[in-house]
Amino acid sequence: MAYTYDFEDGWRIRDRAGFSADDEVSKATVFALANGYMGARGAPEGLPPTLPGVMGHTINGLYDSPTGGILDREMINLPAWTPLALEVNGHPLGVDSPLLEEYIRTLDMRGGLMVQQARWRTPEGVTVTLESERLVSMARLHLGAIHWRLQADAPCTVTVRSAVDAVVNNRFAETHFAAVDVLPEGIAITTIQERYRAAVLTALVLEGNGDIRRERVATDQRVEQVCTFHLAAGEPATLTKLAAVYDSRFSEGDPIDLCRRELETARAAGYAAIRAAHVAAWEALWASSDVVIAGDEGAQIAIRVF
């Protein structure tokens with residue numbers, strides 16, 4: 001296993017080893033984010049949600065057993081809201097692509113952020129860089145966000161596929177969904193045992209890229225928004241994916257309506273304000289709970305992780 005973590009200033013865990021499918025179950029755990037209500041494992045956005053043990057999105061306390069027995073009772077894996085796939089000039093660019101030249105992933109515990117940096121070189125010689133930041137908001141517990149900054153050293157055509165996908169893996173059961181309802185913005189599900197309802201809806205905001213061609217593609221388990229645009233040489237484009245998650249056990253009202261209101265508020269605020277409120281909430285939490293260990297960087301990182 002390629003564990004080459006760097007510990008930085010007592011607050012950051014950085015992995016420079018690049019992507020390895022064999023190591024991803026462990027690494028997605030190390031780089032996971034949560035806020036008490038919901039969590040998201042730290043897998044890269046471009047990986048398929050069906051990889052066992054890699055991608056996971058949960059609500060704390062939302063359990064299900066398809067049979068009613070204890071052996072398959074578990075916290076359910078919700079429809080995945082993090083999937084974002086990148087193509088440049090028709091070439092898929094993911095962390096598992098042979099065109100990848102560099103991939104670095106960092107957990108910033110002080111700010112509650114997962115940061116990724118990736119670089120690819122296409123067969124035509126175009127170098128594409130991606131800076132990605134992900135949060136599960138500590139200020140708005142039902143909100144998650146991914147912020148991308150894309151840049152290329154030559155003009156190119158970019159396609160981004162943003163999905164919510166209900167085809168996910170669980171540890172013990174094949175599925176915990178009695179019903180899956182595909183909506184324009186995401187997916188709502190009903191659990192098997194308690195008939196809880198949960199909704200996972202997303203919104204995609206693109207800036208700095210001129211005309212955008214948008215298309216929506218849906219199946220009975222997945223909804224995908226496809227955006228295609230021209231990226232000029234040296235001129236970055238930014239993309240923000242907002243995700244709202246609500247369920248009927250812990251919230252009053254229809255989860256779909258609650259998600260739509262959450263997304264409306266988040267879009268009006270913008271990513272910078274969402275991030276600032278999230279970081280401020282983490283700062284307040286650390287101010288009342290941090291334990292400082294002098295002289296042992298590993299121990300300092302470990303106590304803040306756990």
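For reference, positions follow the sequence shown, starting with 1.
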Step-by-step side chain to side chain donor-acceptor pair (under 3.5 Å) determination, Thr122 to Asn89 | CA-CA 8 Å; Thr122 72; Asn89 293 339; 5.0 Å; no
Worked verdict on Val168 versus Gln221 for side chain to side chain contact (heavy atoms under 4.5 Å, CB included) | CA-CA 10 Å; Val168 296; Gln221 299 283 314; over 6 Å; no
Please test Asn169 against Thr50 for side chain to side chain donor-acceptor pair (under 3.5 Å), starting from the C-alpha separation and ending with a verdict.
-> CA-CA 6 Å; Asn169 285 303; Thr50 51; 5.1 Å; no
Verdict with supporting geometry, Arg195 and Thr190, side chain to side chain donor-acceptor pair (under 3.5 Å) | CA-CA 5 Å; Arg195 312 298 292 186; Thr190 304; 5.6 Å; no
I would like to know whether His91 and Leu99 meet side chain to side chain contact (heavy atoms under 4.5 Å, CB included); could you show each step before the answer?
-> CA-CA 9 Å; His91 304 292; Leu99 304 177; 4.1 Å; yes
For the pair Arg222 and Val167, evaluate side chain to side chain contact (heavy atoms under 4.5 Å, CB included) and give the outcome as yes or no after the intermediate values.
-> CA-CA 7 Å; Arg222 175 184 173 99; Val167 181; 5.8 Å; no
Could you go step by step and tell me if Arg119 and Thr129 meet the side chain to side chain donor-acceptor pair (under 3.5 Å) rule?
-> CA-CA 4 Å; Arg119 185 181 70 250; Thr129 60; over 6 Å; no
Verdict with supporting geometry, Glu215 and Arg213, salt bridge (charged side-chain N to carboxylate O under 4.0 Å, His left out) = CA-CA 7 Å; Glu215 179 186 7; Arg213 187 172 76 250; over 6 Å; no
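Using modelled atom types, one side-chain atom of Thr191 and one backbone atom of Tyr196 make a donor-acceptor pair closer than 3.5 Å. Between the side chain of Asn170 and the main chain of Phe172, no donor-acceptor pair closer than 3.5 Å is present. Not one N or O on the side chain of Arg105 forms a donor-acceptor pair closer than 3.5 Å with the backbone of Lys27. Panel note: side chain Glu133, backbone Leu113; no donor-acceptor pair is recorded below 3.5 Å. His230 places no side-chain N or O within 3.5 Å of a backbone atom of Thr157 that could act as its donor or acceptor partner. At distances below 3.5 Å, at least one donor-acceptor pair connects side-chain atoms of Ser137 with backbone N or O atoms of Ala139.
Each of Thr202, Leu201, Asp165 was scored for a side-chain contact (heavy atoms from CB on, under 4.5 Å) with Trp81, with one residue passing: Thr202.
More than 12 heavy-atom neighbours from other residues, nucleotides or ligands sit within 6.0 angstrom of CD on Glu124. The neighbour count for Glu102 CD, taken as heavy atoms of other residues, nucleotides or ligands under 6.0 Å away, is above 12.
Put simply, Tyr63 and Ile59 are part of two different groups of oily side chains (I, L, V, M, F, W, Y) that touch within less than 4.5 Å, one to the next. In terms of hydrophobic clustering, with Ile, Leu, Val, Met, Phe, Trp and Tyr side chains grouped at heavy-atom distances under 4.5 Å, Met114 and Leu51 are assigned to a common cluster. Note on Leu242: it does not cluster hydrophobically with Met38, by side-chain heavy-atom contacts below 4.5 Å among ILVMFWY residues. In this structure, Met75 is not a member of the same hydrophobic cluster as Ile189, with clusters built from ILVMFWY side-chain heavy atoms closer than 4.5 Å. If you chain together hydrophobic residues whose side chains sit under 4.5 Å apart, Leu143 and Ile187 never meet in one group.
The CZ atom of Arg197 sits 5.0 Å away from atom CD1 of Ile256, with the distance rounded to the nearest 0.5 Å. Arg260 contributes atom CZ, which lies 14.0 Å from atom OH of Tyr246 (distance to the nearest 0.5 angstrom).
Under the 30°/60° scheme for interplanar angles, the aromatic rings of His147 and Tyr271 are found to lie parallel.
Between Glu45 and Lys241 there is no salt bridge, since no side-chain N of the basic residue sits under 4.0 Å from a carboxylate O of the acidic one. Residues Glu194 and Arg73 are not paired through a salt bridge, judged by the lack of any N-O separation under 4.0 Å between the basic side chain and the carboxylate.
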